[in-house]
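Indexing begins at 1, ligand by ligand and atom by atom, following the structure's order.
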Amino acid sequence: MSFLSATLDRVKPSPTIAMNTKAGEMKAAGHDVISLSAGEPDFDTPQNIKDAAVAAIAAGKTKYTAPDGIIELKQAVCDKFKRENGLDYQPGQVSIGTGGKQILYNALMATLNEGDEVVIPAPYWVSYPDMVLLAGGTPVIAEASLQTGFKLTAEQLEAAITPKTKWLIFNSPSNPTGAGYTWDELKSLTDVLLRHPHVWVMTDDMYEHLVFDDFEFCTPAQVEPALYDRTLTVNGVSKAYAMTGWRIGYAAGPQHLIAAMRKIQSQSTSNPCSISQWAAVEALNGPQGYIEDNKALFQRRRDLVVGMLNAAEGISCPTPEGAFYVYPSIAGCVGKTSPGGAAIKDDESFATALLEEAGVAVVFGAAFGLSPNFRISYATSDQELTDACTRIQEFCAGLS
Ligand SMILES: Cc1ncc(COP(=O)(O)O)c(C=O)c1O
């Protein structure tokens, strides 16, 4: 009998982390590798936020806190939801966790029983299906297509719902595609949910602030107030304020769900880091100009990458509404042979050959549930992006 838990057989390690590790090993061995696989902004946390953390240390705010967060941060979260999303929440409806990831995990652990289904639109963030499996549930993948800009349609959602469905996990703008749902597109999904009162929605709004052109972000409880009592609105400071290492995420929803999540957190991590919580108070309450500056920077990078990828033979790259990812199709490359002699059978063999032969690390689409594609994170310098896309163009031109 294995010493390890049978639960582990159900899940796989994160493929994005695996790709990063391989790229790191190649770099350490002296290879010239550009990594476009990491999902984090490439700039530093703003100074006012760092200062708030230093001040918290100096003031001795270095002890355990309430399991799901200090009241000051819960209040800042309520103010943020009111100010930016028009949503009314009280501090008792808010949970603070060690990153958005822990919040999502707590919510699934708090609600799923054996046999419960969770609808996950594909392409999806790699962790959703595995978190559902870890919590004992069954992921039901609803595949969106390139034709709809990787957005799920009402018909596809309707077809995925069964009497066993507990949650829809919704993510806009999306990791890995950058796709953002307009108000009308989201309304068509919330209309479906209105017809199925047993289904709740867990909305992952982590990339809310990274939207481009004149796209306007919206979230389910705002678009359909009748869903307020069965919506968990999840967000965090990681992406918007370049705070991935601080590990603070948050959510608001019905009080009984928040209480159940608190119970799980109190018996696992106790509480999110006290110092990071004070830093997050400053992130949410302090000056927000930083966000606008970053948007402009990311939009320029998106346009650079989309333009260069569409100029590569066999690649077709839609222009996403947000986040810092693009999800090009390599349908025109499949069936060919790489300059180094590798058969490009699918997106995994494409990504492997691209890394080994051209020194560019991307994540293959199968990891996100929709092929043949790959994900590029453009959260890196213009120079690196230009070099990487030039290498991709040369690699594709060399396919035969
Ligand atoms: C869609 C999505 N949700 C949640 C997370 C987790 O964010 P955090 O760093 O707050 O745990 C990520 C991070 O990559 C993400 O891409």
Centroid-centroid distance, Phe364 to Phe350, less than 6.0 Å: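 Distance test on ring centres: not under 6.0 Å, no.
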How about CD on Glu114, more than 12 heavy atoms from neighbouring residues, nucleotides or ligands closer than 6.0 Å, or not? no
Do [X] and [Y] have a side chain donor and acceptor closer than 3.5 Å?
| X | Y | answer |
| --- | --- | --- |
| Ser172 | Ser174 | no |
| Ser238 | Glu40 | no |
| Ser371 | Asp347 | yes |
| Asn85 | Glu208 | yes |

When only distance counts, is Ile248 in polar contact with ligand 1, meaning an N/O pair under 3.5 Å? no
Does ligand 1 come near enough to Tyr207 that some N or O of the ligand is less than 3.5 Å from an N or O of the residue?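 Yes.
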Pick, from [options], the option with the minimum heavy-atom distance to [atom].
| atom | options | answer |
| --- | --- | --- |
| atom 2 (C) of ligand 1 | Asn175, Val234, Asp204 | Asp204 |
| atom 12 (C) of ligand 1 | Trp125, Tyr325, Tyr128 | Trp125 |
| atom 13 (C) of ligand 1 | Lys101, Gln102, Met206, Lys239 | Lys239 |

Is Thr244 touching ligand 1 with its side chain, its backbone, both, or neither, if touching means heavy atoms under 4.0 Å apart?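 Neither part.
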Quick check on contacts: which atoms of ligand 1 are under 4.0 angstrom from a heavy atom of [X]?
| X | answer |
| --- | --- |
| Gly99 | 10 (O), 11 (O) |
| Gly100 | 8 (P), 10 (O), 11 (O) |
| Ser238 | 8 (P), 9 (O), 10 (O) |

Atom 11 (O) of ligand 1 sits nearest the protein heavy atom Arg247 NH2, 2.7 Å
Using the six-membered ring wherever Trp is involved, compare the ring planes of Tyr241 and Tyr290 and label them parallel, tilted or perpendicular (cut-offs 30° and 60°).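 Rings of Tyr241 and Tyr290: parallel, as their planes differ by under 30°.
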